[in-house]
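Here it is: the structure, laid out below.
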Amino acid sequence: MRPARPRGAGVFVLAHSIGSELGVRMAADERRGPDLLGLELAGTGRRQHDDAAGILGDWRHRPPNSGVRDLLWQPSRLYADDVVGGARISSRSPAYEGFVARSWIDTFPQLAPLVRVPVHYTLGEHERVWSSGPSALADIASLFTSSPRVAVDEQAGGGHNLSIGLTSMAYHLKVLSFVEECVLAREEQDSAAEVAERQQGRAS
């Protein structure tokens, strides 16, 4: 029987939209979070886009109305014709998403400072659910006060659904580049720890 081969350098979490809540919770976990290589967040934020205010209402007090589809999938030119609207790839949302949607704006600033791994945050140029632009990117970056590195990016030509838009390859390549940087940083950190341990052993 062949010996087991290493499966990789570690686990990197990529989270999008409402899934960002779970991703941040994983990274903020006191026991397991620090073992992650890093975290990518996309399609989320702290403040609603002006276009979303009248459609979503206040998530903390009432559910969003039917106009959400337009926020998520417009402008339609950003997506291939067979995915616009998500009908071919959609599935029933779990019930807990309603609670997450109503509480996220308050929960995000509480969890972010607990994250102690590198963070990459991306918003599409045409994001319509969350406020975008340099100030919004800087605002999110400022939340991760315990992270050793926070990188932010606006994806040119991207909408809310970055992973399935026409710019999805460009987006994923940027994320993979960040993952590689996280791997190299972890290897350097582990090497430094080994050197320090050897030196301590000699001293004793």
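We count residues from 1, following the sequence as given.
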| query | Would you say the side-chain atoms of Ser163 and His172 include a donor-acceptor pair closer than 3.5 Å? | reply |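 Yes.
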| field | All side chain to side chain contact (heavy atoms under 4.5 Å, CB included) counterparts of Ser76, not counting sequence neighbours | value |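 So Ser76 forms a side chain to side chain contact (heavy atoms under 4.5 Å, CB included) with Gln74, Val84.
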| Just by modelled atom types, is the Leu123 backbone N or O under 3.5 Å from a matching donor or acceptor in the Ser132 side chain? |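 Checked: no pair found.
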| message | For the backbone of Ile164 and the side chain of Asn161, can you confirm whether one donor and one acceptor N or O come within less than 3.5 Å of each other? | response |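 No: the side chain of Asn161 does not pair with the backbone of Ile164.
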| field | Nearest heavy atoms of Ala28 and Leu114, plus distance in Å | value |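 Ala28 and Leu114 have their closest heavy atoms at CB-CB, 3.8 Å.
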| request: For residues 175-185, pull every pair meeting side-chain hydrogen bond (donor to acceptor under 3.5 Å, both in side chains), keeping only residues two or more places apart or in separate chains. | output: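 Matches after skipping sequence neighbours: Arg149-Glu181.
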| Any side-chain heavy atom of Leu137 within less than 4.5 Å of one from Tyr121? |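 Yes, at least one pair of side-chain atoms sits under 4.5 Å.
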| field | Linked, directly or transitively: Leu22 and Phe144 (ILVMFWY side chains, under 4.5 Å) | value |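 Yes, Leu22 connects to Phe144 through the hydrophobic network.
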| said: Measuring only between side-chain heavy atoms, which start at C-beta, is Phe108 closer than 4.5 Å to Leu143? | reply: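 In short, these two side chains touch, coming nearer than 4.5 Å.
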| field | In one Ile/Leu/Val/Met/Phe/Trp/Tyr side-chain cluster, 4.5 Å: Val179, Val11 | value |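 As far as the 4.5 Å side-chain criterion goes, Val11 and Val179 are not connected within one cluster.
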| query | Looking at Thr167 and Gly158, what are the two nearest heavy atoms and their distance? | reply |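 That closest heavy-atom pairing would be OG1-CA, 3.7 Å.
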| said: Quick check on the hydrophobic clustering: are Val119 and Met26 connected, directly or via other members, by side-chain heavy-atom contacts under 4.5 Å? | reply: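 Shared cluster, yes.
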| If you link I, L, V, M, F, W and Y whenever their side-chain heavy atoms are under 4.5 Å apart, who else ends up in the same group as Leu173? |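 Its cluster mates, by chain and number, are Met169.
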| message | Is there a path of hydrophobic side-chain contacts, each under 4.5 Å between heavy atoms, that joins Leu14 and Leu162? | response |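 Yes, Leu14 and Leu162 fall within the same hydrophobic cluster.
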| request: Give the minimum heavy-atom separation between Gln155 and Ala170, together with the two atoms involved. | output: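 Shortest heavy-atom separation between Gln155 and Ala170 comes out as NE2-CB, 3.9 Å.
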| said: Using a 3.5 Å distance criterion without hydrogens, assess whether the side chain of Ser147 forms a donor-acceptor pair with backbone atoms of Val117. | reply: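 Side chain of Ser147 to backbone of Val117: a pair is present.
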| query | Is any side-chain heavy atom of Pro109 less than 4.5 Å from a side-chain heavy atom of Arg46? | reply |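 When only atoms from C-beta onward are counted, Arg46 and Pro109 do touch, with a gap below 4.5 Å.
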| task | Quick one: pull up NE2 in His160 and NE2 in His16 and give me the separation to the nearest 0.5 Å. | result |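 One gets 4.0 Å once the value is rounded to the nearest 0.5 Å.
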| said: For Phe12, give me all partners under ring-ring contact (aromatic ring centres under 6.0 Å, His included), at least two apart in sequence or on another chain. | reply: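 If we apply the ring-ring contact (aromatic ring centres under 6.0 Å, His included) test to Phe12, skipping adjacent residues, there are no hits.
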| query | What pair of heavy atoms forms the shortest contact from Ala15 to Ser20, and how long is it? | reply |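 Ala15 and Ser20 have their closest heavy atoms at CB-CA, 3.7 Å.
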Per-pair distances, 0.1 Å, donor-acceptor, side chain in residues 33-44, under 3.5 Å, sequence neighbours excluded:
| unit_1 | atom_1 | unit_2 | atom_2 | d |
| --- | --- | --- | --- | --- |
| Glu40 | OE1 | His120 | ND1 | 2.6 |
| Glu40 | OE2 | Thr122 | OG1 | 3.0 |
| Glu40 | OE2 | Tyr171 | OH | 2.7 |
| Thr44 | OG1 | Trp104 | NE1 | 2.7 |

| Shared ILVMFWY cluster between Leu72 and Leu166, side chains joined below 4.5 angstrom? |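 Leu72 does not cluster with Leu166.
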| Who are the side chain to side chain contact (heavy atoms under 4.5 Å, CB included) partners of Gln110, not counting sequence neighbours? |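 Partners of Gln110 under the side chain to side chain contact (heavy atoms under 4.5 Å, CB included) test: none.
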| field | Interatomic spacing from OG in Ser103 to CD1 in Ile105 - rounded to 0.5 Å | value |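 That separation rounds to 9.5 Å.
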| field | Minimum heavy-atom distance between Phe178 and Ala151, given as atom pair plus value | value |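 Nearest pair, atom of Phe178 first, then Ala151: CE1-CB, 4.1 Å.
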| task | Identify the heavy atoms of Pro75 and His126 that sit nearest to each other, and give their distance. | result |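 For Pro75 and His126, the tightest heavy-atom pair comes out as CD-CB, 4.0 Å.
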